[in-house]
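For clarity, every value in this text was computed on a predicted model and none was experimentally measured.
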Amino acid sequence: LLRSRMSANEAGAAGAMRTISTGEVGYQTAAFEDADADGVGDYGSLASLADPDGAGATPPFIDAVLGAGSKHGYNFTVVVTAGGAAAPPAYTCTAVPAASGRTGFRQYFVDESGVIRFTADGTAVTVASAPLN
C-alpha cells in the first residue's frame, strides 16, 4: 500500500513540474514582471504563479496549494533569476519528497528548457540529471 501511494505521489509531483513549467512560460509571456524593462518578461515565484497580479484579479497559472510550495507529498522550490543585459531571465524548480522513503524516492528538476529531470537514488537533482521520459 505504501509503495503504491509513493508511486502516485511521484506521478503527481512529475505532473506538477509540467504544470509549473507551462505556467512559467505563460507568466513570462504575459510579462507580469520585467526587472530591466526590456520588454522580455521575467519568470515568477510559486506565489506569483498562483496569484499573477497580486490582487487575485487575474486567473492563476497554478493552483493555490502548489503555489504554497507543497503538494503530493513533495516540497517544491522555485528560484528565479531576473533578466538583464548580461543574461536572459531564468528559473529552476526542484521537487523533493517531504519524507524521503515515505512520500516518494524520486527528486525532480525543471528549468526554462522545459526538460523535467529526476534522480531516484537520493542524490540531489540538477540540470545534469537524467531526463524524465
Side-chain angles (χ1 to χ4, degrees):
L1 183 61
L2 182 60
R3 178 68 81 190
S4 93
R5 181 67 177 161
M6 285 192 309
S7 289
N9 285 347
E10 289 176 352
M17 294 298 277
R18 285 185 190 89
T19 301
I20 290 168
S21 179
T22 302
E24 288 287 11
V25 170
Y27 189 88
Q28 183 198 29
T29 301
F32 284 101
E33 296 179 48
D34 186 3
D36 60 357
D38 66 351
V40 176
D42 293 323
Y43 294 104
S45 66
L46 287 174
S48 295
L49 294 176
D51 186 8
D53 64 7
T58 302
F61 292 98
I62 62 174
D63 65 69
V65 174
L66 185 54
S70 193
K71 191 172 185 176
H72 303 294
Y74 274 75
N75 295 323
F76 296 83
T77 304
V78 169
V79 176
V80 175
T81 304
Y91 78 93
T92 60
C93 178
T94 57
V96 296
S100 187
R102 291 190 41 205
T103 60
F105 285 112
R106 290 182 174 203
Q107 295 184 24
Y108 297 96
F109 173 94
V110 71
D111 62 8
E112 64 279 354
S113 72
V115 177
I116 300 171
R117 301 180 178 280
F118 77 101
T119 60
D121 60 4
T123 59
V125 65
T126 68
V127 68
S129 300
L132 187 65
N133 293 330

Next item on the list: Report yes if some heavy atom in the side chain of V78 is under 4.5 Å from a heavy atom in the side chain of E24; otherwise report no.
Entry: yes
Checklist line | From T94 atom OG1 to N75 atom CG, the distance as rounded to the nearest 0.5 Å | finding: 9.0 Å
Margin query: Does Y27 form a side chain to side chain donor-acceptor pair (under 3.5 Å) with E33? I'd like the steps, not just the answer.
Written below: CA-CA 8 Å; Y27 189 88; E33 296 179 48; 2.5 Å; yes
Checklist line | Spatial distance of atom CG (L132) from atom CZ (R106) [nearest 0.5 Å] | finding: 6.5 Å
Next item on the list: Supply the atom-to-atom distance D121 CG to Q107 CD, rounded to the nearest 0.5 angstrom.
Entry: 8.5 Å
Check: Would T92 and D111 count as a side chain to side chain donor-acceptor pair (under 3.5 Å) if you check the C-alpha gap in whole Å, the side-chain angles of each, and the deciding distance to 0.1 Å?
Finding: CA-CA 4 Å; T92 60; D111 62 8; over 6 Å; no
Notebook entry, point to check: Quick check: does any side chain N or O of D42 sit under 3.5 Å from a backbone N or O of A82, one acting as donor and the other as acceptor?
Noted result: no
Check: Mind checking whether V40 and P89 have side chains closer than 4.5 Å, heavy atoms only?
Finding: yes
Note to self: Check whether S129 reaches the backbone of T126 with its side chain - one donor and one acceptor, N or O, closer than 3.5 Å.
What the structure shows: yes
Note to self: Just so I know, are the side chains of E112 and V25 near enough to count as touching, which here means a heavy-atom distance under 4.5 Å?
What the structure shows: no
Item checked: Pairwise distance OG1(T103) to NE2(H72) - rounded to 0.5 angstrom -> 12.0 Å
Notebook entry, point to check: Taking side chain as C-beta onward, heavy atoms only, is F109 less than 4.5 Å from V127?
Noted result: yes
Item checked: Ring geometry between F61 and F32 (parallel below 30°, tilted from 30 to 60°, perpendicular above 60°) -> perpendicular
Next item on the list: Could you tell me the separation between the NZ atom of K71 and the CG atom of N9, rounded to the nearest 0.5 Å?
Entry: 12.0 Å
